[in-house]
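Note sheet for the following structure.
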Protein chains: 2
Amino acid sequence: MKLTSKGRYAVMALADLAQFDSINPVSLRDISLRQGISLDYLEQIFLKLKKNQIVKSIRGTHGGYVLSKKPNEIKLNNIFYAVDEKVKTVQCKKESKKGCNGKATKCVTHNLWDELETHINSFFEKKSLEDLLKENIERRI
Amino acid sequence: MKLTSKGRYAVMALADLAQFDSINPVSLRDISLRQGISLDYLEQIFLKLKKNQIVKSIRGTHGGYVLSKKPNEIKLNNIFYAVDEKVKTVQCKKESKKGCNGKATKCVTHNLWDELETHINSFFEKKSLEDLLKENIERRI
DNA sequence: ACATTCCTGACTAAATTGGTCAAGTATAGA
DNA sequence: TCTATACTTGACCAATTTAGTCAGGAATGT
């Protein structure tokens with residue numbers, strides 16, 4: 001099981017945005033410099049965040065991105081979902097001759113991953129961007 | 001985030017073992033046939049399970065593998081740990097100039113993955129091989 | 001006009017996954 | 001003792017995924 005950088009970058013970038021977008025849109029260039037993430041890679045990530053209505057874009061000279069919701073309304077699972085960082089559980093294939101095929105002999109792991117998915121999602125559903133920022137401020141003190 | 005087949009196979013194989021090892025050791029060949037898992041791949045997996053004292057091996061003609069503990073003493077996180085199916089979170093590199101470097105400006109995701117790890121492990125720690133088998137029997141009824 | 005910034009698709013090196021292949025060693029039973 | 005069975009170990013490999021890079025374009029403020 002693995003959590004990739006893409007999801008981490010998305011969270012970092014959005015946290016950055018949440019701190020700086022109060023008045024002006026924030027350019028990816030700024031985020032790239034502050035967070036040390038490749039600009040080209042950020043563009044890919046923000047394309048997905050935009051498609052999922054997590055951010056809005058403003059083009060042009062002083063353009064950039066702005067959160068489209070309040071930080072407390074953006075849950076981490078929204079972010080991960082947006083950048084395709086899903087909890088992919090390797091399911092038993094239905095075509096398989098042995099094991100899982102709808103018969104009485106279902107393989108023992110058949111429902112296990114579903115349970116785990118629910119468990120992990122509940123963790124991410126509870127946590128918002130705002131929570132994350134608060135925790136960070138607390139740790140600094 | 002992804003759960004790989006290796007962990008799933010390990011769980012399936014051990015569940016198989018738990019059902020059949022009451023008297024005689026179970027050969028990987030049998031498990032391979034019953035569960036539809038490649039024999040060569042099973043060998044790699046059982047090598048690790050053995051190193052982690054989850055199974056014992058008996059060589060020779062009627063040899064095979066046996067659980068080295070009772071099914072209720074083998075938790076799923078023991079299994080996943082044994083086959084290197086850890087919750088690998090992509091941490092912020094310490095060498096990175098920006099962000100996480102021990103200074104006041106820790107990146108916001110710094111402790112997030114640790115929390116998640118704890119959360120996931122608590123799920124696997126609670127669940128034993130025996131629980132899994134019970135659930136499976138219940139579902140059949 | 002032109003610099004800035006978003007937008008999009010194509011490409012790629014490295015790592016991981018899910019195996020296969022080959023060559024052992026140990027043991028039980030005939 | 002011979003032999004089949006089954007564990008043991010290491011090397012190898014194709015397909016996929018990841019974490020980017022590269023190149024060009026389109027919109028917009030100054």
Side-chain angles (χ1 to χ4, degrees), chain A residues 1-10 12-13 17 20-21 24-33 35-52 54-66 68 80 83-93 96, chain B residues 1-10 12-13 17 20-21 24-33 35-52 54-66 68 80 83-93 96:
Chain A
M1 184 178 352
K2 200 170 120 189
L3 283 168
T4 66
S5 287
K6 198 191 288 180
R8 197 169 73 83
Y9 287 167
M12 287 169 69
L17 208 55
F20 292 96
D21 83 340
N24 300 313
V26 180
S27 72
L28 292 189
R29 198 174 151 276
D30 287 355
I31 296 176
S32 167
L33 291 172
Q35 304 296 331
I37 305 167
S38 143
L39 175 61
D40 287 311
Y41 201 33
L42 272 179
E43 283 173 350
Q44 286 182 39
I45 291 169
F46 271 76
L47 191 66
K48 294 184 176 185
L49 293 175
K50 193 193 166 189
K51 276 184 189 160
N52 284 266
I54 291 172
V55 295
K56 282 181 287 192
S57 65
I58 295 110
R59 287 185 158 196
T61 306
H62 287 101
Y65 286 96
V66 184
S68 53
F80 287 125
V83 296
D84 300 319
E85 190 92 316
K86 318 172 200 174
V87 183
K88 280 185 290 182
T89 56
V90 181
Q91 301 280 3
C92 22
K93 294 161 199 158
S96 163
Chain B
M1 184 178 353
K2 201 169 120 188
L3 284 169
T4 67
S5 287
K6 197 190 287 179
R8 197 168 73 82
Y9 288 166
M12 287 169 71
L17 208 54
F20 291 98
D21 83 341
N24 300 313
V26 181
S27 72
L28 292 189
R29 198 174 150 276
D30 287 356
I31 296 177
S32 168
L33 290 172
Q35 304 296 331
I37 305 168
S38 144
L39 176 60
D40 287 312
Y41 201 34
L42 272 180
E43 283 173 348
Q44 286 181 38
I45 291 169
F46 271 76
L47 192 66
K48 294 184 177 189
L49 293 175
K50 194 193 166 191
K51 276 183 190 162
N52 283 267
I54 291 172
V55 295
K56 282 183 288 194
S57 66
I58 295 112
R59 288 184 156 198
T61 307
H62 288 101
Y65 285 95
V66 183
S68 53
F80 287 125
V83 296
D84 300 318
E85 191 90 316
K86 321 171 201 174
V87 182
K88 280 184 290 182
T89 57
V90 180
Q91 301 281 2
C92 21
K93 293 161 199 158
S96 164

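The structure displayed is predicted, hence computed values, not measured ones. Residue numbers start from 1 in every chain, and the chains themselves are labelled A, B, ... in the order their sequence lines are given, proteins ahead of strands.
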Item to check | Heavy-atom check, side chain of B:Ile45 versus side chain of B:Lys6, under 4.5 Å | outcome: yes
Next on the checklist: Heavy atoms only, 4.0 Å cut-off, all strands: where does A:Phe46 land among base, sugar-phosphate and nothing?
Outcome noted: nothing
Checklist entry - Rounded to whole angstrom units, what separation is found between the CD1 atom of A:Ile58 and the C1' atom of D:dG29? => result 13 Å
Next on the checklist: Output the rounded distance in Å from CG (B:Leu42) to C1' (D:dT8).
Outcome noted: 14 Å
Next on the checklist: Consider side-chain contact (heavy atoms from CB on, under 4.5 Å). Of B:Leu39, B:Ile37, B:Asp40, which one does B:Ser32 pass it with?
Outcome noted: B:Leu39
Item to check | Closest listed nucleotide, where the reference is the side chain of A:Arg59 and the choices are C:dC6, C:dT27, D:dG20 | outcome: C:dC6
Next on the checklist: So if I take every side-chain heavy atom of B:Gln44 and compare against D:dG20, D:dA11, D:dT18, which nucleotide ends up nearest?
Outcome noted: D:dA11
Checklist entry - Hey, are the side chains of B:Leu17 and B:Tyr65 touching, using non-hydrogen atoms and a 4.5 Å cut-off? => result yes
Checklist entry - More 5' along DNA chain C: A:Glu43 or B:Asp40, using each one's nearest nucleotide? => result A:Glu43
Next on the checklist: Is the phosphate of D:dC7 approached by B:Lys50 (side-chain N or O, under 4.0 Å from OP1 or OP2)?
Outcome noted: no
Checklist entry - According to a strict under-4.0 Å criterion, is B:Ser57 in side-chain N/O contact with OP1 or OP2 of D:dC7? => result no
Next on the checklist: Does a side-chain N or O of B:Tyr41 approach OP1 or OP2 of C:dT17 to a distance below 4.0 Å, or not?
Outcome noted: no
Checklist entry - With sugar-phosphate meaning primed atoms plus P, OP1 and OP2, does A:Val55 contact a base, only sugar-phosphate, or nothing at under 4.0 Å between heavy atoms? => result nothing
Checklist outcome for this item: Out of C:dC6, D:dT5, D:dT8, minimum distance to the side chain of B:Thr61 belongs to D:dT5
Checklist entry - Of the nucleotides D:dT28, C:dG19, C:dG18, which one has an atom closest to the side chain of B:Lys6? => result C:dG18
Checklist entry - Rounded to whole angstrom units, what separation is found between the CD1 atom of A:Ile45 and the P atom of D:dT21? => result 11 Å
Checklist entry - How long is the line joining NZ of B:Lys48 and C1' of D:dT8, in whole Å? => result 15 Å
Next on the checklist: What is the separation between atom CG on A:Leu49 and atom P on C:dC6, rounded to the nearest whole Å?
Outcome noted: 13 Å
Next on the checklist: Less than 4.5 Å apart, side chain to side chain, heavy atoms only: is that true for A:Ile54 and A:Lys50?
Outcome noted: no
Checklist entry - What nucleotide among C:dT27, C:dT20, D:dA19 has an atom nearest to a side-chain atom of A:Thr4? => result D:dA19
Item to check | Any side-chain heavy-atom pair of B:Val66 and B:Val55 under 4.5 Å | outcome: no
Next on the checklist: Please report the distance, rounded to the nearest Å, between CG in A:Leu47 and C1' in D:dG25.
Outcome noted: 14 Å
Checklist entry - What is the distance from CG of B:Leu39 to P of C:dG19, rounded to the nearest Å? => result 13 Å
Item to check | Whether A:Tyr41 and A:Tyr9 hold their rings parallel, tilted or perpendicular, with breakpoints at 30° and 60° | outcome: perpendicular
Next on the checklist: Closest-nucleotide mapping onto DNA chain D: is A:Gly60 or A:Ile37 further toward the 5' terminus? I mean the 5' end.
Outcome noted: A:Ile37
Checklist entry - Once you round it to whole Å, what is the distance between P of C:dA3 and CZ of A:Arg29? => result 14 Å
Next on the checklist: Under 4.0 Å from OP1 or OP2 of D:dC7: is there any side-chain N or O of B:Ser27 that close?
Outcome noted: no
